[in-house]
Amino acid sequence: MDGIRLMDTLTGDVRPLVPLEPGHVRIYSCGPTVYGPAHIGNFRSFLFADLLVRHLRWRGLRVTWVMNVTDIDDKIIRGAASEGVGIDVLAERWLERFLADADTLRMTRPDVLPRATGHIAEMTALIETLLERGNAYRTPDGSIFFRISSWPAYGRLARLDPDQLRVGERVEADEYGKDDVRDFAVWKGPRGSEPSWDTAIGPGRPGWHIECSAMSMAHLGQSFDIHTGGVDLVFPHHEDEIAQSEAATGRSFVGTWLHCAHLQMAGSKMAKSTGNIAGVDDVVASGISPRALRYALIAVHYRQGLDAGDASLQAAAGAVDRLDTLLAALAAYEQAGPDDPDLPGVLQAARAGFGDALDDDLNASAALASLFDLVRDVNRRLAARALSSADTGRVRDLLRDLDRVLAILPDADDRLDADLERLLADRSAARAAHDWAGSDRLRDALARQGITVEDTRDGQRWRRAKIGDHA
RNA sequence: GGCGACGUGGUGAAGUGGCUUAACACGGAGGUCUGCAAAACCUCUAUUCACCGGUUCGAAUCCGGUCGUCGCCUCCA
């Protein structure tokens with residue numbers, strides 16, 4: 001093991017992660033714009049950050065994770081106006097929904113979820129500095145733009161030559177007056193009935209990019225370790241963040257830029273603008289459990305495109321079921337014999353393989369391979385009756401340990417309600433009486449309620465069904 | 001038009017110079033076990049890594065070309 005290595009978008013190489021403060025990693029993730037429900041493509045990028053955070057913590061590092069919430073932007077303004085409510089009402093509603101979906105997918109709650117509207121002062125302070133330093137200028141309508149020509153490094157992150165940028169023919173009315181069409185707004189002057197803040201730099205509202213610069217620096221400092229987002233944010237969003245942040249502070253902004261590839265659906269990018277989307281609720285309604293969805297979203301390397309087709313979701317459900325089955329088997333197994341002398345080595349090797357894979361730029365596929373190698377090995381030992389009852393606890397402990405990173409196993413305290421418990425007890429009794437017809441009837445009844453029951457020499461065992469019910 | 005990523009079995013996907021005639025998962029075929037079922041385990045399911053050429057003792061892995069897919073090039077994770 002030679003530490004955690006990550007692929008930095010800016011330099012294009014894989015480098016060891018060296019936190020600015022030893023033992024403490026500061027991470028900023030571009031979060032949701034709360035004007036509607038986030039789709040599972042959005043969640044892929046959030047879950048990839050979650051996986052990173054969980055792995056770093058599993059490695060014993062302290063992590064401060066900040067994810068912004070954009071609660072003021074054109075779409076929110078438009079949506080609120082069409083409903084005749086304030087932007088705060090709309091934002092609050094969709095933020096709640098975002099958090100609920102995030103919980104469903106077992107995303108770690110970020111340490112801070114700063115909102116743009118709560119950081120106007122930080123943004124205007126940053127803009128003032130940019131004005132003072134000559135990196136930004138005002139236009140007649142009260143807007144303020146960042147001057148790209150004042151920042152020679154512009155385009156480095158996206159590997160774009162500013163002179164080659166194909167500038168759109170459409171120029172928004174409010175953007176007339178820019179010195180250069182490529183310049184971007186850090187502050188938008190007041191317009192009609194749009195929300196506006198009275199600030200030291202004048203009335204108006206913030207541009208999108210400045211939000212992330214201000215909020216990340218407010219909560220993590222002028223320089224921090226990792227910034228994550230989807231590849232579509234590389235340009236212009238993150239490019240602009242770097243320019244305005246470094247121009248304002250004179251310091252390096254971010255140590256490592258991490259970008260995850262798009263989730264695709266039917267061969268093309270999942271995006272709200274194309275309507276080619278599926279929400280967490282849509283997938284769950286189709287019978288895929290949240291745990292299986294999480295598995296599908298994190299099982300493929302984050303820089304690899306991923307198609308959320310039915311086949312991959314079904315495969316994920318199958319893989320999760322294999323883990324559930326092992327847990328159920330461990331719980332049901334009883335063997336008084338001596339401990340398996342080989343087990344400690346097997347467990348240690350699995351943990352090492354798992355951790356090493358994730359250290360290597362978060363290679364989740366390889367980490368899962370290590371986990372499933374362990375699953376087969378343990379199943380073999382269970383079948384051979386080589387393990388003791390105490391050994392099953394050791395295996396379970398390791399699975400739970402690895403699951404601190406994966407978060408795909410059933411809850412440790414998952415219990416059936418009383419009615420189902422009774423059906424299980426009845427079935428056990430029927431079997432004891434060799435009442436096979438009754439036993440089969442009860443098994444069917446349980447299956448209809450989403451519980452799979454299986455018989456072993458240690459008695460019956462149960463687990464949640466793969467498809468359908470996922471309480 | 002510019003820039004970038006990628007192309008591995010029935011499917012998803014790891015591997016990026018010899019340990020790999022290719023991990024792991026899903027699926028399929030056969031077998032063991034079992035009241036039945038399921039699960040699990042065992043065997044089989046790519047002599048081959050888009051195609052062509054080259055470098056090398058040796059390539060899925062490096063180089064060149066061709067074809068194809070996807071993404072970015074102003075607010076989309």
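All chains are named by letter (A, B, ...) in the order of the sequence lines, taking the proteins before the strands, and each is independently numbered beginning at 1.
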* Considering non-hydrogen atoms only, spot the tightest contact between A:Pro32 and A:Met67 and give its length. => CD-SD, 4.2 Å
* Report the distance from atom NE2 of A:His238 to atom C1' of B:C76, rounded to the nearest whole Å. => 12 Å
* To do: Tell me which nucleotide among B:G71, B:A13, B:C75 gets nearest to the side chain of A:Gln304.
  => B:A13
* Structure fact -> Looking only at B:C41, B:A77, B:G4, the nucleotide nearest the A:Arg159 side chain is B:G4
* Structure fact -> On RNA chain B, more 5' by nearest nucleotide between A:Ala158 and A:Asp360 is A:Ala158
* Rounded to whole angstrom units, what separation is found between the CG atom of A:Asp307 and the P atom of B:U11? -> 14 Å
* Structure fact -> Which of B:A77, B:A40, B:U74 is nearest the side chain of A:Ala383? It is B:A40
* Asked: Taking it one step at a time, do A:Phe146 and A:His209 satisfy side-chain contact (heavy atoms from CB on, under 4.5 Å)?
  -> CA-CA 11 Å; A:Phe146 184 89; A:His209 316 304; over 6 Å; no
* Return yes when atom CZ of A:Arg156 has more than 12 non-hydrogen atoms of other residues, nucleotides or ligands closer than 6.0 Å, and no otherwise. => no
* Quick one: label A:Leu263 by what it contacts on the DNA or RNA (base, sugar-phosphate, nothing), any heavy atom closer than 4.0 Å. => base
* Asked: Just how far, in rounded Å, is P of B:U16 from CG of A:Asp13?
  -> 17 Å
* Structure fact -> Rounded to whole Å, the CZ-C1' distance (A:Arg303 to B:A77) equals 17 Å
* Any chance the side chains of A:His55 and A:Asp359 put a donor and an acceptor closer than 3.5 Å? -> yes
* Has the side chain of A:His301 got a donor or acceptor atom that lies under 3.5 Å from a matching backbone atom of A:Gln304? -> no
* Report yes or no: is there a donor-acceptor pair, N or O only, under 3.5 Å between the side chain of A:Lys269 and the base of B:C72? => no
* Asked: Hey, does the side chain of A:Arg381 come within less than 4.0 Å of B:A40's phosphate (OP1/OP2), counting only N and O?
  -> no
* Structure fact -> Here RNA chain B, pairs taken as Watson-Crick or G-U under 3.5 Å and shown with ( ), [ ] when crossing and | when to another strand, reads ((((((((.[[[..)..(.....]]]((((((.......))))))....[[[[[..)....]]]]])))))))....
* Asked: Should the ring pair A:His238 and A:Trp257 be called parallel, tilted or perpendicular, given that the plane angle runs from 0 to 90° and is split at 30 and 60?
  -> tilted
* To do: Give the rounded distance in Å between these two atoms: CE of A:Met265 and C1' of B:C76.
  => 17 Å
* Asked: So does A:Asn379 get a side-chain nitrogen or oxygen closer than 4.0 Å to the phosphate oxygens (OP1/OP2) of B:A40?
  -> no
* Touch check for A:Gly305, heavy atoms < 4.0 angstrom, all strands: base, sugar-phosphate only, or nothing? -> sugar-phosphate
* Classify the nucleic acid contact of A:His301 as base, sugar-phosphate or nothing, counting any heavy atom under 4.0 Å across all strands shown. => sugar-phosphate
* To do: Heavy atoms under 4.0 Å is the rule here; annotate nucleotides 19-39 of chain B 5' to 3' with B where the base is hit, S where only the sugar-phosphate is, and - elsewhere.
  => ----BSSSS-------BBBBS
* Asked: In whole angstrom, what separates A:Gln264's CD from B:A77's C1'?
  -> 14 Å
* Looking for any heavy atom pair under 4.0 Å, which part of the strands does A:His237 touch: base, sugar-phosphate only, or nothing? -> nothing
* **Lys/Arg-Asp/Glu bridge criterion (N-O < 4.0 Å) met for A:Arg441, A:Asp444** => no
